[in-house]
2 protein chains.
Amino acid sequence: MSSARATRQREVIAQVIEQAEGPLGVPEIHGRARQILPRLGIATVYRTLKLLTEQRQIHAVAVDGESLYEKTGQGHHHHFSCERCSRVFTLHVCPVDLPGGTVFAGGFLVRSHEVTLYGLCPTCAPQA
Amino acid sequence: MSSARATRQREVIAQVIEQAEGPLGVPEIHGRARQILPRLGIATVYRTLKLLTEQRQIHAVAVDGESLYEKTGQGHHHHFSCERCSRVFTLHVCPVDLPGGTVFAGGFLVRSHEVTLYGLCPTCAPQA
DNA sequence: TTGATTGCAAATAATTTGCAGAGAG
DNA sequence: CTCTCTGCAAATTATTTGCAATCAA
(Lines give C-alpha, C1' and ligand atoms only; values in the text may rest on other atoms or scores of the structure.)
Protein backbone atom coordinates (compact mmCIF):
# COMPACT_ATOMS: atom_id res chain seq x y z
CA MET A 1 0.00 0.00 0.00
CA SER A 2 1.14 3.57 -0.67
CA SER A 3 2.24 6.05 1.96
CA ALA A 4 2.38 9.82 1.61
CA ARG A 5 5.92 11.14 1.71
CA ALA A 6 7.06 14.36 3.31
CA THR A 7 8.41 16.60 0.58
CA ARG A 8 9.54 20.18 0.53
CA GLN A 9 6.71 21.07 -1.87
CA ARG A 10 4.02 19.70 0.40
CA GLU A 11 5.56 21.32 3.41
CA VAL A 12 5.63 24.74 1.76
CA ILE A 13 2.11 24.53 0.34
CA ALA A 14 0.70 23.45 3.70
CA GLN A 15 2.55 26.25 5.44
CA VAL A 16 1.27 28.88 3.02
CA ILE A 17 -2.29 27.84 3.79
CA GLU A 18 -1.68 27.59 7.54
CA GLN A 19 -0.29 31.08 7.78
CA ALA A 20 -2.84 32.79 5.56
CA GLU A 21 -5.20 35.45 6.89
CA GLY A 22 -8.10 33.69 5.25
CA PRO A 23 -8.85 31.02 2.64
CA LEU A 24 -6.74 31.22 -0.53
CA GLY A 25 -7.39 30.44 -4.18
CA VAL A 26 -5.15 28.24 -6.31
CA PRO A 27 -3.28 31.07 -8.10
CA GLU A 28 -2.63 32.77 -4.78
CA ILE A 29 -1.32 29.57 -3.18
CA HIS A 30 0.89 28.88 -6.18
CA GLY A 31 2.22 32.42 -6.15
CA ARG A 32 3.05 32.50 -2.47
CA ALA A 33 4.64 29.05 -2.52
CA ARG A 34 6.75 30.01 -5.53
CA GLN A 35 8.43 32.76 -3.59
CA ILE A 36 10.07 29.91 -1.69
CA LEU A 37 10.15 27.23 -4.40
CA PRO A 38 10.39 29.01 -7.77
CA ARG A 39 10.17 25.84 -9.84
CA LEU A 40 6.98 24.61 -8.19
CA GLY A 41 4.53 23.45 -10.87
CA ILE A 42 0.83 24.20 -10.80
CA ALA A 43 0.05 20.49 -11.16
CA THR A 44 1.83 19.80 -7.90
CA VAL A 45 -0.30 22.45 -6.22
CA TYR A 46 -3.50 20.80 -7.41
CA ARG A 47 -2.26 17.35 -6.45
CA THR A 48 -1.18 18.53 -3.02
CA LEU A 49 -4.47 20.33 -2.37
CA LYS A 50 -6.25 17.11 -3.16
CA LEU A 51 -3.96 15.14 -0.83
CA LEU A 52 -4.19 17.60 2.05
CA THR A 53 -7.97 17.63 1.64
CA GLU A 54 -8.12 13.83 1.85
CA GLN A 55 -5.94 14.00 4.95
CA ARG A 56 -8.34 16.57 6.42
CA GLN A 57 -5.52 19.03 6.92
CA ILE A 58 -7.32 21.57 4.76
CA HIS A 59 -10.72 21.86 3.10
CA ALA A 60 -12.33 23.94 0.38
CA VAL A 61 -14.86 26.69 0.90
CA ALA A 62 -16.82 28.37 -1.89
CA VAL A 63 -16.76 32.15 -1.94
CA ASP A 64 -17.96 34.10 -4.94
CA GLY A 65 -18.08 30.99 -7.07
CA GLU A 66 -14.43 30.20 -6.51
CA SER A 67 -12.96 27.37 -4.43
CA LEU A 68 -10.66 28.63 -1.71
CA TYR A 69 -8.64 26.50 0.67
CA GLU A 70 -8.12 26.90 4.41
CA LYS A 71 -6.79 24.75 7.25
CA THR A 72 -9.24 22.64 9.20
CA GLY A 73 -9.77 22.82 12.94
CA GLN A 74 -10.48 26.52 13.13
CA GLY A 75 -13.80 25.93 14.85
CA HIS A 76 -17.05 27.48 13.74
CA HIS A 77 -16.32 30.59 11.71
CA HIS A 78 -17.35 32.50 8.60
CA HIS A 79 -15.85 34.64 5.86
CA PHE A 80 -15.63 38.25 4.91
CA SER A 81 -15.08 39.24 1.31
CA CYS A 82 -13.82 42.78 0.72
CA GLU A 83 -15.70 44.53 -2.08
CA ARG A 84 -12.76 46.77 -2.82
CA CYS A 85 -9.62 44.61 -2.66
CA SER A 86 -11.35 41.23 -3.14
CA ARG A 87 -9.41 39.58 -0.36
CA VAL A 88 -11.23 37.05 1.79
CA PHE A 89 -10.77 36.95 5.57
CA THR A 90 -11.74 34.49 8.26
CA LEU A 91 -13.98 35.89 10.99
CA HIS A 92 -14.49 34.07 14.26
CA VAL A 93 -17.97 35.40 14.82
CA CYS A 94 -21.32 33.90 13.93
CA PRO A 95 -24.26 36.24 13.32
CA VAL A 96 -26.63 33.31 12.80
CA ASP A 97 -29.01 31.91 15.34
CA LEU A 98 -29.76 28.36 14.26
CA PRO A 99 -30.15 25.63 16.86
CA GLY A 100 -29.06 22.33 15.32
CA GLY A 101 -31.98 20.46 13.80
CA THR A 102 -34.02 23.55 13.07
CA VAL A 103 -36.76 22.88 10.56
CA PHE A 104 -37.81 25.69 8.25
CA ALA A 105 -41.16 26.34 6.67
CA GLY A 106 -41.88 23.71 4.07
CA GLY A 107 -39.85 21.02 5.80
CA PHE A 108 -36.23 21.99 5.24
CA LEU A 109 -34.11 20.28 7.91
CA VAL A 110 -31.07 22.44 8.58
CA ARG A 111 -27.86 20.70 9.60
CA SER A 112 -25.24 23.40 9.03
CA HIS A 113 -24.77 26.81 7.50
CA GLU A 114 -22.24 29.03 5.79
CA VAL A 115 -22.18 32.80 5.91
CA THR A 116 -20.22 35.20 3.75
CA LEU A 117 -20.19 38.83 4.75
CA TYR A 118 -19.46 41.52 2.17
CA GLY A 119 -18.18 45.00 2.77
CA LEU A 120 -14.90 46.80 3.35
CA CYS A 121 -11.94 45.30 5.17
CA PRO A 122 -9.94 47.22 7.81
CA THR A 123 -7.48 48.37 5.17
CA CYS A 124 -10.04 49.55 2.62
CA ALA A 125 -12.74 50.96 4.94
CA PRO A 126 -10.77 54.09 5.96
CA GLN A 127 -10.20 54.95 2.30
CA ALA A 128 -13.90 54.86 1.41
CA MET B 1 -25.87 52.22 -30.92
CA SER B 2 -26.92 48.62 -30.43
CA SER B 3 -30.22 47.45 -29.01
CA ALA B 4 -31.02 44.03 -27.60
CA ARG B 5 -33.50 42.11 -29.69
CA ALA B 6 -36.27 39.89 -28.43
CA THR B 7 -35.58 36.37 -29.62
CA ARG B 8 -37.16 33.04 -28.87
CA GLN B 9 -33.92 31.81 -27.28
CA ARG B 10 -33.71 34.69 -24.85
CA GLU B 11 -37.37 34.39 -24.01
CA VAL B 12 -37.06 30.69 -23.21
CA ILE B 13 -33.86 31.02 -21.17
CA ALA B 14 -35.34 33.88 -19.14
CA GLN B 15 -38.50 31.91 -18.54
CA VAL B 16 -36.62 28.83 -17.37
CA ILE B 17 -34.85 30.92 -14.74
CA GLU B 18 -38.02 32.79 -13.73
CA GLN B 19 -39.96 29.62 -13.11
CA ALA B 20 -37.24 27.72 -11.27
CA GLU B 21 -37.63 26.67 -7.64
CA GLY B 22 -34.19 28.07 -6.91
CA PRO B 23 -31.03 29.25 -8.67
CA LEU B 24 -29.88 27.06 -11.56
CA GLY B 25 -26.49 26.14 -12.98
CA VAL B 26 -25.56 26.45 -16.65
CA PRO B 27 -26.03 22.75 -17.56
CA GLU B 28 -29.43 22.75 -15.86
CA ILE B 29 -30.54 25.90 -17.68
CA HIS B 30 -29.34 24.54 -21.00
CA GLY B 31 -31.07 21.23 -20.39
CA ARG B 32 -34.42 22.73 -19.43
CA ALA B 33 -34.37 25.25 -22.29
CA ARG B 34 -33.55 22.51 -24.78
CA GLN B 35 -36.76 20.71 -23.98
CA ILE B 36 -38.39 23.63 -25.74
CA LEU B 37 -35.64 24.59 -28.20
CA PRO B 38 -33.68 21.41 -29.02
CA ARG B 39 -31.11 23.16 -31.21
CA LEU B 40 -30.17 25.74 -28.57
CA GLY B 41 -26.38 26.01 -28.33
CA ILE B 42 -24.47 26.30 -25.08
CA ALA B 43 -22.73 29.45 -26.33
CA THR B 44 -26.10 31.16 -26.63
CA VAL B 45 -26.87 30.22 -23.05
CA TYR B 46 -23.64 31.81 -21.82
CA ARG B 47 -24.17 34.91 -23.96
CA THR B 48 -27.75 35.28 -22.79
CA LEU B 49 -26.84 34.85 -19.13
CA LYS B 50 -24.33 37.63 -19.56
CA LEU B 51 -26.90 39.85 -21.26
CA LEU B 52 -29.65 39.21 -18.72
CA THR B 53 -27.16 39.87 -15.94
CA GLU B 54 -26.20 43.23 -17.46
CA GLN B 55 -29.87 44.06 -17.77
CA ARG B 56 -30.33 43.14 -14.11
CA GLN B 57 -33.01 40.62 -14.96
CA ILE B 58 -30.99 37.89 -13.31
CA HIS B 59 -27.83 37.66 -11.23
CA ALA B 60 -25.36 34.98 -10.18
CA VAL B 61 -25.01 33.51 -6.72
CA ALA B 62 -22.20 31.23 -5.61
CA VAL B 63 -23.21 28.00 -3.95
CA ASP B 64 -20.73 25.18 -3.40
CA GLY B 65 -18.20 26.82 -5.68
CA GLU B 66 -20.55 26.90 -8.62
CA SER B 67 -22.24 29.93 -10.18
CA LEU B 68 -26.00 29.61 -10.20
CA TYR B 69 -28.43 32.07 -11.76
CA GLU B 70 -31.71 33.40 -10.37
CA LYS B 71 -34.07 36.24 -11.21
CA THR B 72 -33.58 39.56 -9.45
CA GLY B 73 -36.22 41.31 -7.38
CA GLN B 74 -36.95 38.45 -5.02
CA GLY B 75 -36.20 40.58 -2.00
CA HIS B 76 -33.86 39.56 0.77
CA HIS B 77 -33.54 35.78 0.80
CA HIS B 78 -31.06 32.94 1.15
CA HIS B 79 -30.41 29.46 -0.15
CA PHE B 80 -30.74 25.92 0.97
CA SER B 81 -28.58 23.20 -0.51
CA CYS B 82 -29.80 19.63 -0.05
CA GLU B 83 -27.02 17.30 1.02
CA ARG B 84 -28.77 14.32 -0.47
CA CYS B 85 -30.17 15.42 -3.85
CA SER B 86 -27.90 18.45 -4.34
CA ARG B 87 -30.73 20.69 -5.45
CA VAL B 88 -30.63 24.31 -4.32
CA PHE B 89 -33.76 26.09 -3.10
CA THR B 90 -34.62 29.69 -2.38
CA LEU B 91 -35.76 30.38 1.19
CA HIS B 92 -37.47 33.61 2.12
CA VAL B 93 -36.20 33.65 5.67
CA CYS B 94 -33.14 35.33 7.16
CA PRO B 95 -31.54 33.82 10.25
CA VAL B 96 -28.99 36.65 10.44
CA ASP B 97 -29.19 39.69 12.68
CA LEU B 98 -27.00 42.32 11.04
CA PRO B 99 -28.10 45.95 11.10
CA GLY B 100 -26.70 47.69 8.01
CA GLY B 101 -23.34 49.27 8.70
CA THR B 102 -22.37 46.87 11.45
CA VAL B 103 -18.66 46.95 12.17
CA PHE B 104 -16.98 43.76 13.33
CA ALA B 105 -13.93 43.33 15.50
CA GLY B 106 -10.86 44.50 13.69
CA GLY B 107 -12.70 47.05 11.58
CA PHE B 108 -14.67 45.01 9.02
CA LEU B 109 -17.52 47.17 7.75
CA VAL B 110 -20.38 44.88 6.76
CA ARG B 111 -22.62 45.99 3.91
CA SER B 112 -24.42 42.78 2.97
CA HIS B 113 -24.38 39.07 3.60
CA GLU B 114 -25.13 35.74 1.99
CA VAL B 115 -26.21 32.62 3.81
CA THR B 116 -26.35 29.08 2.55
CA LEU B 117 -28.07 26.49 4.69
CA TYR B 118 -27.25 22.82 4.29
CA GLY B 119 -29.38 19.87 5.24
CA LEU B 120 -32.21 17.80 3.83
CA CYS B 121 -34.96 19.20 1.63
CA PRO B 122 -38.66 18.36 2.14
CA THR B 123 -38.40 15.49 -0.35
CA CYS B 124 -35.26 13.93 1.09
CA ALA B 125 -35.80 14.52 4.82
CA PRO B 126 -38.58 11.91 5.24
CA GLN B 127 -36.34 9.26 3.64
CA ALA B 128 -33.45 9.84 6.06
C1' DT C 1 17.22 0.19 -3.95
C1' DT C 2 12.23 0.95 -4.41
C1' DG C 3 8.50 3.26 -5.42
C1' DA C 4 6.24 7.74 -4.50
C1' DT C 5 6.64 12.53 -6.22
C1' DT C 6 7.69 16.21 -9.35
C1' DG C 7 7.92 19.29 -13.46
C1' DC C 8 6.64 19.53 -17.96
C1' DA C 9 3.70 18.86 -21.56
C1' DA C 10 -0.28 16.79 -23.49
C1' DA C 11 -5.23 15.80 -22.43
C1' DT C 12 -9.83 17.26 -20.60
C1' DA C 13 -13.41 20.19 -19.14
C1' DA C 14 -15.47 24.76 -18.90
C1' DT C 15 -16.19 29.15 -20.99
C1' DT C 16 -15.42 32.48 -24.74
C1' DT C 17 -14.94 34.06 -29.41
C1' DG C 18 -14.97 34.23 -34.78
C1' DC C 19 -17.77 33.73 -38.52
C1' DA C 20 -21.35 32.86 -42.11
C1' DG C 21 -26.12 32.22 -42.29
C1' DA C 22 -30.77 33.16 -40.07
C1' DG C 23 -33.94 36.30 -38.19
C1' DA C 24 -35.84 40.73 -35.78
C1' DG C 25 -37.27 45.25 -36.54
C1' DC D 1 -32.88 45.95 -46.00
C1' DT D 2 -29.74 46.40 -41.98
C1' DC D 3 -27.58 44.80 -38.36
C1' DT D 4 -28.14 41.70 -34.31
C1' DC D 5 -28.32 36.93 -32.96
C1' DT D 6 -27.47 32.02 -33.41
C1' DG D 7 -25.21 27.55 -34.00
C1' DC D 8 -21.02 25.48 -34.84
C1' DA D 9 -16.34 25.05 -34.40
C1' DA D 10 -12.04 26.84 -33.04
C1' DA D 11 -9.74 29.32 -29.21
C1' DT D 12 -8.98 30.18 -24.38
C1' DT D 13 -8.67 29.17 -19.60
C1' DA D 14 -8.81 25.98 -15.67
C1' DT D 15 -7.84 21.48 -13.99
C1' DT D 16 -6.18 16.69 -14.63
C1' DT D 17 -3.21 13.10 -16.29
C1' DG D 18 0.96 10.53 -18.52
C1' DC D 19 5.71 10.03 -18.21
C1' DA D 20 10.72 10.09 -17.41
C1' DA D 21 13.72 11.93 -14.05
C1' DT D 22 14.20 12.92 -9.10
C1' DC D 23 14.10 12.15 -4.36
C1' DA D 24 12.39 10.27 0.32
C1' DA D 25 12.78 6.38 3.18
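Reckoned from all heavy atoms, side chains included, excluding hydrogens, waters and symmetry mates. First the proteins, then the strands, lettered A, B, ... as listed; each starts at 1. Note that this is a predicted model, so its numbers are computed, not measured.
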Send over the distance from [X] [atom1] to [N] [atom2], rounded to a whole Å.
X	N	atom1	atom2	result
B:R5	C:dA22	CZ	P	16 Å
A:Q55	C:dA4	CD	P	15 Å
B:L51	D:dT6	CG	C1'	14 Å
B:K50	D:dT4	NZ	C1'	15 Å
B:I42	D:dA11	CD1	C1'	17 Å
B:Y46	C:dG18	OH	P	17 Å
A:E66	D:dT15	CD	P	8 Å
B:R47	C:dG18	CZ	C1'	9 Å

task: Could you check whether B:L40 gets within reach of a base, just the sugar-phosphate, or nothing at all, counting any heavy atom under 4.0 Å?
output: sugar-phosphate
message: Considering every strand and a 4.0 Å limit on heavy-atom distances, what is the contact class for B:R39: base, sugar-phosphate, or nothing?
response: sugar-phosphate
Presence of [X] side-chain N/O under 4.0 Å of [N] phosphate oxygens OP1/OP2:
X	N	result
B:R10	D:dT4	no
A:T44	C:dG7	yes
A:T7	D:dC23	no

task: Side chain of B:A43 only, please: which of C:dC8, C:dT17, D:dA24 is the nearest?
output: C:dT17
Proximity of B:F104 and A:F80 rings by center, below 6.0 Å: no
- request: Take B:A6 and A:Q9, find for each the nucleotide of DNA chain C with the closest heavy atom, and name the residue whose nucleotide sits nearer the 5' end.
  value: A:Q9
Check whether any side-chain heavy atom of [X] lies under 4.5 Å from a side-chain heavy atom of [Y], and answer yes or no.
X	Y	answer
A:D97	B:D97	no
B:R87	B:T123	yes
A:H78	A:H113	yes

task: Classify the angle between the aromatic ring planes of A:H77 and A:H92 as parallel (below 30°), tilted (30 to 60°) or perpendicular (above 60°).
output: tilted
